[in-house]
Amino acid sequence: MENKKKYYITTAIAYTSRKPHIGNSYEIVLADAIARYKRLQGYDVFFLTGTDEHGQKIEEYAKNANVSPKEYVDKISEEIREICDLLGTSYDKFIRTTDDYHEKSVQMIFEKLYKQGDIYKSTYSGLYCTPCESFWTESQLVDGKCPDCGREVKKSEEEAYFFKLSKYQKRLESFLEENPDFIYPEARKKEMINNFIKPGIQDLCVSRTSFKWGIPVTFDEKHVVYVWIDALSNYITALGYTPDESPELFNKYWSADVHIIGKDILRFHTIYWPILLMALDLPLPKQIFGHPWLLFGNDKMSKSRGNTIYADDLVKLIGVDAVRYYLLSEMPYTSDGSITYETVIERYNSDLANTLGNLVNRTVAMNNKYFAGKIMPNTAKEDIDDDLIRVVTGAIAKVDSLLNEYRISDALDTIMGVARRCNKYIDETTPWVLAKDDTKTNRLGAVLYNLLESIRYIAVLISPFMPTTAEKIFEQINTDIKSYESLSQFGALKVGECVAEAKPLFERLDGEKILADIAEKQKEQEKNNELKNAIEGIAKIGIDDFAKIDLRVAEIVDCEPVKKAKKLLKLTLNDGVSLRTVASGIAKFYKPEDLKGHKVILVSNLKPAVLCGVESQGMILACDAGEDQVQVVFVDNMPVGAKVR
């Protein structure tokens with residue numbers, strides 16, 4: 001069997017905080033398109049993705065959901081995997097950082113680095129951003145907030161282990177000089193070098209004691225391994241690596257050909273990760289590609305802003321391949337991309353329905369109409385054919401080059417440009433006019449052959465980006481000639497075979513109706529959110545928090561107004577043990593005689609407070625009973641001193 005050249009591609013592992021939105025899904029589709037294209041070219045590809053499942057943020061999310069951290073990440077990890085599968089991604093392995101083999105390897109890596117003196121114990125005192133799980137110095141903050149996410153930071157001090165990044169600064173600088181294409185694109189490289197490397201690399205906090213949801217440090221179990229050694233190591237642990245073992249899979253595929261990551265985590269992959277590999281005496285990856293973000297219009301997607309689109313909803317609307325096409329075609333090379341329902345519908349109708357779908361449909365339909373489906377030879381050539389064939393065959397080298405530079409949207413535009421040229425060729429050759437002249441039958445057959453062969457080229461080239469659509473095209477032109485090698489010479493389509501029935505690849509979308517339906521659903525969702533916010537406006541507490549409140553039945557034995565305080569009444573309560581005074585803001589709703597003798601529920605362990613000269617030793621319960629109405633909760637049939645649970 002021929003030895004294929006290997007190609008190892010990874011995504012960043014997705015953080016299991018919540019269900020991913022469509023912007024999060026771009027990366028997995030991008031990496032999948034590259035992996036599929038490399039397979040098409042004959043590479044032996046290993047494509048890795050997965051989920052990052054430890055950390056303080058996960059511990060807090062789980063607590064708020066009243067489940068264990070493991071239960072929480074199991075659910076979110078499965079949702080992330082389902083989205084990957086829904087989008088037709090062809091990953092070879094899906095790693096979870098809670099996998100036993102990964103945790104064991106991370107512990108061994110941490111221990112090795114400690115024993116060789118690259119990790120040491122100290123105390124961290126700094127500013128911590130919980131969402132980003134990052135420590136910052138005062139000078140690194142932007143307007144007093146986290147420079148990555150813009151959220152509040154908190155002062156934190158704790159014992160921690162540190163990784164000696166500073167020890168490897170010179171070595172990293174030398175590596176970057178010797179490997180100018182390591183960080184891609186060029187603008188991102190300059191940002192990393194000028195902003196983070198040249199100012200001096202600081203040692204990195206790599207353990208925590210303030211939370212427990214992490215991989216325990218084997219020789220100091222009050223510490224857990226902090227996110228970066230845990231998460232970044234997945235690229236080698238997924239291949240079976242441990243400091244004691246380099247198995248066949250690892251030896252075959254490492255080092256990675258490319259890590260596909262978001263621009264926001266470029267620093268960790270271009271500074272922390274290379275240094276970690278240097279410390280382990282392992283080869284570095286060949287390239288890190290930091291892609292831009294997909295925005296909703298001009299804004300980052302946020303559930304709280306209500307501008308989030310989910311992949312599964314979009315798939316229901318336009319189908320898997322159309323979602324893949326939009327994500328890959330709409331994202332620029334360096335600047336952020338944009339998605340709105342309006343632009344999705346517009347791109348679907350213009351590119352997929354009008355350009356590609358219409359080309360395939362009318363070409364197959366004409367071949368069925370004029371030749372009963374039979375593919376005719378292209379013997380009656382004319383000069384106009386040469387330009388079409390030049391555009392079609394010339395697209396291969398262009399797409400190859402663009403893919404090698406991760407210019408995916410440009411590569412797709414090149415392929416769609418072939419489809420546009422084919423549609424122009426139809427207008428130039430007018431097959432419907434040729435069909436009316438019996439002397440032009442051979443020429444008509446040649447025109448349709450050129451179109452069908454061009455469509456085959458399109459199907460082969462587009463298969464990594466839109467695999468289901470490519471298969472539908474192959475079925476309609478009735479060919480199994482799908483290899484990359486078959487594109488070496490125009491004319492591989494077999495003469496004499498019959499095409500299949502013409503079926504629309506993409507039905508046009510009624511944009512107005514779809515947008516109206518979406519607007520209606522959003523209005524309904526806003527109403528539901530308002531109701532939900534009203535119900536859930538008060539922060540959730542646990543049973544332990546509620547147990548701290550001592551509620552008792554007390555009798556109002558006396559009541560009088562408080563001088564100089566129109567809203568307050570001074571209540572004298574018998575709580576079953578003693579008498580106490582409570583100041584209550586209910587004078588607007590009750591007279592003293594209305595209250596005497598009634599039993600109420602008293603918050604008996606509330607800290608005393610002085611209100612208008614009266615020391616209030618508790619609080620009584622009352623209800624908001626409509627606009628500007630309050631009703632005290634009376635429990636006259638209950639014994640004084642009874643505890644309310």
Side-chain angles (χ1 to χ4, degrees), residues 56 59-68 128 130 152-158 210-212 529-645:
Q56 183 176 6
E59 195 172 75
E60 291 178 0
Y61 276 122
K63 184 179 179 181
N64 291 336
N66 201 28
V67 296
S68 70
Y128 183 65
T130 299
E152 299 289 340
V153 293
K154 295 179 181 178
K155 287 186 177 180
S156 177
E157 182 171 325
E158 63 181 280
S210 56
F211 60 90
K212 294 298 182 185
N529 288 341
E530 288 175 6
L531 179 61
K532 183 180 178 182
N533 291 338
I535 294 171
E536 298 182 353
I538 300 174
K540 296 286 190 298
I541 63 171
I543 189 68
D544 293 339
D545 296 315
F546 181 75
K548 295 175 184 176
I549 304 171
D550 188 14
L551 300 175
R552 303 273 175 175
V553 175
E555 183 177 2
I556 302 174
V557 296
D558 198 9
C559 180
E560 60 184 272
V562 176
K563 294 178 181 179
K564 299 180 181 180
K566 294 181 180 180
K567 294 181 180 180
L568 292 179
L569 291 177
K570 177 184 174 182
L571 310 178
T572 302
L573 302 178
N574 173 17
D575 62 9
V577 177
S578 61
L579 297 179
R580 68 169 74 195
T581 301
V582 169
S584 180
I586 55 175
K588 182 179 178 180
F589 311 103
Y590 291 93
K591 296 177 181 178
E593 56 267 28
D594 296 331
L595 297 170
K596 289 180 183 179
H598 284 292
K599 295 174 186 175
V600 293
I601 297 175
L602 168 71
V603 181
S604 67
N605 61 339
L606 195 68
K607 288 182 180 179
V610 177
L611 304 174
C612 295
V614 176
E615 183 181 58
S616 183
Q617 302 163 332
M619 180 186 295
I620 66 170
L621 300 192
C623 299
D624 290 323
E627 187 174 349
D628 202 28
Q629 292 186 33
V630 170
Q631 291 184 5
V632 174
V633 178
F634 294 127
V635 285
D636 293 335
N637 59 338
M638 304 300 293
V640 171
K643 185 173 176 61
V644 179
R645 302 180 186 277

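The shortest non-hydrogen separation linking P592 to P561 is CG-CD, 4.0 Å. Heavy-atom minimum distance, V614 versus A583: CG1-CB, 4.3 Å. When all heavy atoms of D558 and K596 are compared, the pair lying nearest together is OD1-CE, 3.4 Å. For the residue pair P639 and K599, the shortest heavy atom distance occurs at CA-NZ, 4.4 Å. Residue V632 comes nearest to Y590 through the heavy atom pair N-OH, 3.0 Å, listed as atom of the first residue, atom of the second, then distance. The two atoms that bring G618 and V582 nearest to each other are O-CG1, 3.7 Å, heavy atoms only.
Applying the side-chain hydrogen bond (donor to acceptor under 3.5 Å, both in side chains) criterion to S210, with sequence neighbours excluded, gives E158, R208.
The distance from the CD atom of E555 to the CG atom of L579 is 10.0 Å, given to the nearest 0.5 Å. Here CG of L571 is found 12.0 Å from NE2 of H598. Values are rounded to the nearest 0.5 Å. Here R580 contributes atom CZ and T572 contributes atom OG1; the two are 12.0 Å apart, rounded to the nearest 0.5 Å. Rounding to the nearest 0.5 Å places CG of L569 at 12.0 Å from NZ of K591.
In this structure the side chain of V633 reaches within 4.5 angstrom of the side chain of C623, judged on heavy atoms. A 4.5 Å side-chain heavy-atom check between K643 and R552 finds at least one atom pair inside the cut-off. The shortest side-chain heavy-atom distance between L573 and D575 does not fall under the 4.5 Å cut-off.
With hydrogens and angles disregarded, a donor-acceptor distance shorter than 3.5 Å links the side chain of Q617 to the backbone of T581. Using a distance-only test at 3.5 Å, with no hydrogens or angles considered, a donor-acceptor pair links the side chain of N605 to the main chain of D550. Between the E59 side chain and the K212 main chain, a donor and an acceptor come within less than 3.5 Å of each other.
Heavy atoms of other residues, nucleotides or ligands lying less than 6.0 angstrom from NZ of K567 number 12 at most. Counting non-hydrogen atoms of neighbouring residues, nucleotides and ligands closer than 6.0 angstrom, the CG atom of N66 reaches no more than 12 such neighbours.
Among I620, I586, V600, the one residue that satisfies the side-chain contact (heavy atoms from CB on, under 4.5 Å) test with L595 is I586.
Listed by first then second residue, pairs satisfying ring-ring contact (aromatic ring centres under 6.0 Å, His included) with a partner in residues 552-573 number zero, not counting sequence neighbours.
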